[in-house]
Amino acid sequence: MCGIVGAVAQRNIADILVEGLRRLEYRGYDSAGIAVVDLHKNYTRIRRIGKVRELANAVATSNLIGGTGVGHTRWATHGVPSEVNSHPHISGDITIVHNGIIENHQALRSLLQDRGYTFVSQTDTEVIAHLVEWERRTATSLLEAVQKTTAQLQGAYGAVAMDSNDPERLIVARSGSPIVIGHGIGENFIASDPLALLNITRRFMYLEEGDIAEITYDNVNVFDASGQHVERAVIELHAQQDAGEKGKYRHFMQKEVFEQPTALRNTLEGRLTHDAVITESIGVNAVDILNKVEHVQIIACGTSFNAGMTARYWFESIAGISCDVEIASEFRYRKFVTRPNSLLITISQSGETADTLAALRLAKKCGYMGVMTVCNVAGSSLVRESDFAFMTRAGAEIGVASTKAFTTQLATLLMLVTALAKQQKRISKAKEKEIVQALHALPEQIEQALALDKDIKALATDFADKQHTLFLGRGEFYPIAVEAALKLKEISYIHAEAYAAGELKHGPLALIDADMPVVVIAPGNDLLEKLKSNIEEVRARGGLLYVFSEQKSGFEAAHNMKIIRMPKVNEITAPIFYTVPMQLLAYHVALIKGTDVDQPRNLAKAVTVE
Ligand code: HGA
């Protein structure tokens with residue numbers, strides 16, 4: 001959350017900063033700002049409340065010129081979204097942009113007030129600006145001032161410092177929030193995510209925890225947490241990784257929903273033969289660990305947690321390996337018992353989710369036999385800090401509501417479960433072949449699910465004027481129902497809840513009336529007959545039902561029951577398949593309601609704060 005850009009160049013960088021912020025807007029969109037300085041030390045700062053386009057309009061009508069500068073798009077943690085609270089923050093000649101939370105900001109604020117500093121914002125970030133300004137008075141360089149400042153900070157930060165009296169350098173520090181450095185020719189850049197800079201450069205260096213870097217036109221000097229000069233690798237990203245544009249689609253979310261067949265093909269590529277999973281494709285360190293695993297602990301947040309919950313059914317039913325799944329923000333703050341030979345798996349689209357990362361770091365000290373991540377961003381913190389990573393290859397996901405990241409996580413987890421079962425000889429060749437062929441068939445089946453777009457659009461009108469919606473599923477379709485409810489909540493602001501259908505009678509049936517649509521995910525499986533009874537319980541109480549099921553499932557449409565006919569797919573991959581109509585439903589309801597689909601209120605993507 002919060003997006004940072006920076007540039008040290010020998011040209012006017014205002015447009016580069018604004019375009020970078022536009023590309024980072026998924027990370028926060030309460031307010032945005034930039035500050036630039038030119039070689040004559042002329043300094044300009046522009047900040048606007050609201051979206052980056054408000055800032056872009058202000059920049060376009062200003063005379064802002066400078067070759068060195070910083071920009072920020074905010075998701076407020078401390079202080080309401082307002083112009084005074086928006087970044088960059090200044091203190092004397094020092095300008096700061098920051099992503100993260102400074103936990104000891106109160107104590108530092110008092111200290112700085114005693115030194116005579118006046119605070120103009122309610123943010124935690126402003127303490128960094130004043131601290132750097134204070135340290136700069138005695139330090140020999142801006143670098144030293146930032147090093148002395150970070151030694152006093154507790155919490156998380158990706159922060160960039162600029163000194164308008166020294167206009168050819170930026171200092172960037174990373175501890176707990178992601179930072180990349182984009183390498184140009186005679187110019188260098190900084191961002192929270194390479195996506196911000198893909199229109200400028202493809203050569204990136206990822207800073208590591210505790211690193212502080214000094215950036216000038218021609219040099220990037222990195223120092224580690226102990227102040228030692230260190231080399232960090234520069235990697236080249238491919239053109240396809242530039243997903244900054246919506247193309248023919250109205251929203252990034254819509255584009256990403258429709259990209260799922262391709263995303264899934266990419267995810268499966270090179271990991272399966274015609275009838276088997278290639279265990280080695282999970283990673284060089286993986287095979288040994290998979291041979292010995294006796295228990296799996298999954299940790300994740302949000303949509304990734306729902307992917308983990310689905311995978312739990314697979315770990316236990318396909319591989320016969322016990323599996324627990326826990327929300328990272330809970331796991332990290334409770335006393336837990338590590339089971340013998342337990343593998344810890346984190347799941348995260350961005351690989352920077354603060355709670356998941358903290359849980360991983362904690363778990364590494366607690367006796368797990370290995371830690372792996374299922375992640376979509378190469379080079380991210382989770383990938384770098386895990387023993388091995390099984391990448392989802394969904395491509396950049398910009399829409400705040402996660403879609404293709406979820407379905408590719410599920411496909412990745414299903415491959416992992418199959419590989420684990422195979423390594424431990426817990427699966428027959430025939431079963432492995434069935435799963436692998438179901439996975440191969442999936443991209444085409446998802447295309448069929450996407451063809452339901454028009455029908456689901458028509459259905460969406462029934463939901464748009466409702467205050468609540470209930471989603472029901474059983475077995476591995478229960479977490480799919482949870483994910484469906486999350487999608488609807490996130491982008492349409494309709495209160496939605498999901499229940500394992502067998503739980504209805506234990507309370508939620510009391511909610512049923514004609515104003516409560518009930519969506520049922522009802523594929524043809526062993527639980528269908530049980531689910532039919534649950535549906536009857538709802539009908540008997542006047543509920544309005546929307547049943548997604550196969551042609552031959554035996555459901556008949558009635559005045560209070562609509563049936564959405566789904567093509568028949570393999571039971572194992574059906575949770576992935578049934579996710580797609582749920583995404584389309586949420587999308588179309590949000591369109592009718594006129595909400596901001598890609599940037600829903602109060603949210604942001606890549607949750608890099610606690
Ligand atoms: N704490 C700072 C930065 C917020 C942030 O990084 N959000 O993800 C603020 O509230 O401005």
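Read the numbers this way: they start at 1 and go in the same order the structure lists the ligands and their atoms.
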**Student:** Which residues satisfy the ring pair (Phe, Tyr, Trp, His ring centres under 6.0 Å) test with F331, sequence neighbours excluded?
**Tutor:**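 Residues passing ring pair (Phe, Tyr, Trp, His ring centres under 6.0 Å) with F331: F336.
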**Student:** Determine, for R334 against E330, whether the closest basic-nitrogen to carboxylate-oxygen distance falls under 4.0 angstrom.
**Tutor:**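 Salt bridge absent between R334 and E330.
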**Student:** Are E133 and R136 close enough for a salt bridge, meaning some N to O gap below 4.0 Å?
**Tutor:**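 No salt bridge links E133 with R136.
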**Student:** Output, or 'none' if empty, a list of ligand 1-protein atom pairs in which both atoms are N or O and the distance is under 3.5 Å, rounded to 0.1 Å.
**Tutor:**
{"residue": "ligand 1", "atom": "1 (N)", "partner": "T77", "partner atom": "OG1", "Å": "2.7"}
{"residue": "ligand 1", "atom": "1 (N)", "partner": "G100", "partner atom": "O", "Å": "2.9"}
{"residue": "ligand 1", "atom": "1 (N)", "partner": "D124", "partner atom": "OD1", "Å": "2.7"}
{"residue": "ligand 1", "atom": "1 (N)", "partner": "D124", "partner atom": "OD2", "Å": "3.1"}
{"residue": "ligand 1", "atom": "6 (O)", "partner": "N99", "partner atom": "ND2", "Å": "2.9"}
{"residue": "ligand 1", "atom": "6 (O)", "partner": "G100", "partner atom": "N", "Å": "2.6"}
{"residue": "ligand 1", "atom": "7 (N)", "partner": "W75", "partner atom": "O", "Å": "2.8"}
{"residue": "ligand 1", "atom": "8 (O)", "partner": "M1", "partner atom": "O", "Å": "3.1"}
{"residue": "ligand 1", "atom": "8 (O)", "partner": "C2", "partner atom": "N", "Å": "3.4"}
{"residue": "ligand 1", "atom": "10 (O)", "partner": "R74", "partner atom": "NH2", "Å": "3.0"}
{"residue": "ligand 1", "atom": "10 (O)", "partner": "T77", "partner atom": "N", "Å": "2.9"}
{"residue": "ligand 1", "atom": "10 (O)", "partner": "T77", "partner atom": "OG1", "Å": "3.1"}
{"residue": "ligand 1", "atom": "10 (O)", "partner": "H78", "partner atom": "N", "Å": "3.0"}
{"residue": "ligand 1", "atom": "11 (O)", "partner": "R74", "partner atom": "NE", "Å": "2.6"}
{"residue": "ligand 1", "atom": "11 (O)", "partner": "R74", "partner atom": "NH2", "Å": "3.2"}
{"residue": "ligand 1", "atom": "11 (O)", "partner": "H87", "partner atom": "NE2", "Å": "2.7"}

**Student:** Under 3.5 Å, is there a donor-acceptor pair between the side chain of N104 and the main chain of Q154?
**Tutor:** yes
**Student:** Under 3.5 Å, which donor-acceptor pairs link side chains of residues 45-52 to any protein atom two or more places apart or in another chain?
**Tutor:**
{"residue": "R45", "atom": "NH1", "partner": "P88", "partner atom": "O", "Å": "2.9"}
{"residue": "R47", "atom": "NH1", "partner": "E83", "partner atom": "O", "Å": "3.3"}
{"residue": "R47", "atom": "NH1", "partner": "V84", "partner atom": "O", "Å": "3.4"}
{"residue": "R47", "atom": "NH1", "partner": "S86", "partner atom": "O", "Å": "2.6"}
{"residue": "K51", "atom": "NZ", "partner": "D596", "partner atom": "OD2", "Å": "2.1"}
{"residue": "K51", "atom": "NZ", "partner": "Q599", "partner atom": "OE1", "Å": "2.8"}

**Student:** With sequence neighbours excluded, what pairs up with E497 under the salt bridge (charged side-chain N to carboxylate O under 4.0 Å, His left out) test?
**Tutor:**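 In terms of salt bridge (charged side-chain N to carboxylate O under 4.0 Å, His left out), with neighbours along the sequence ignored, E497 is linked to no residue.
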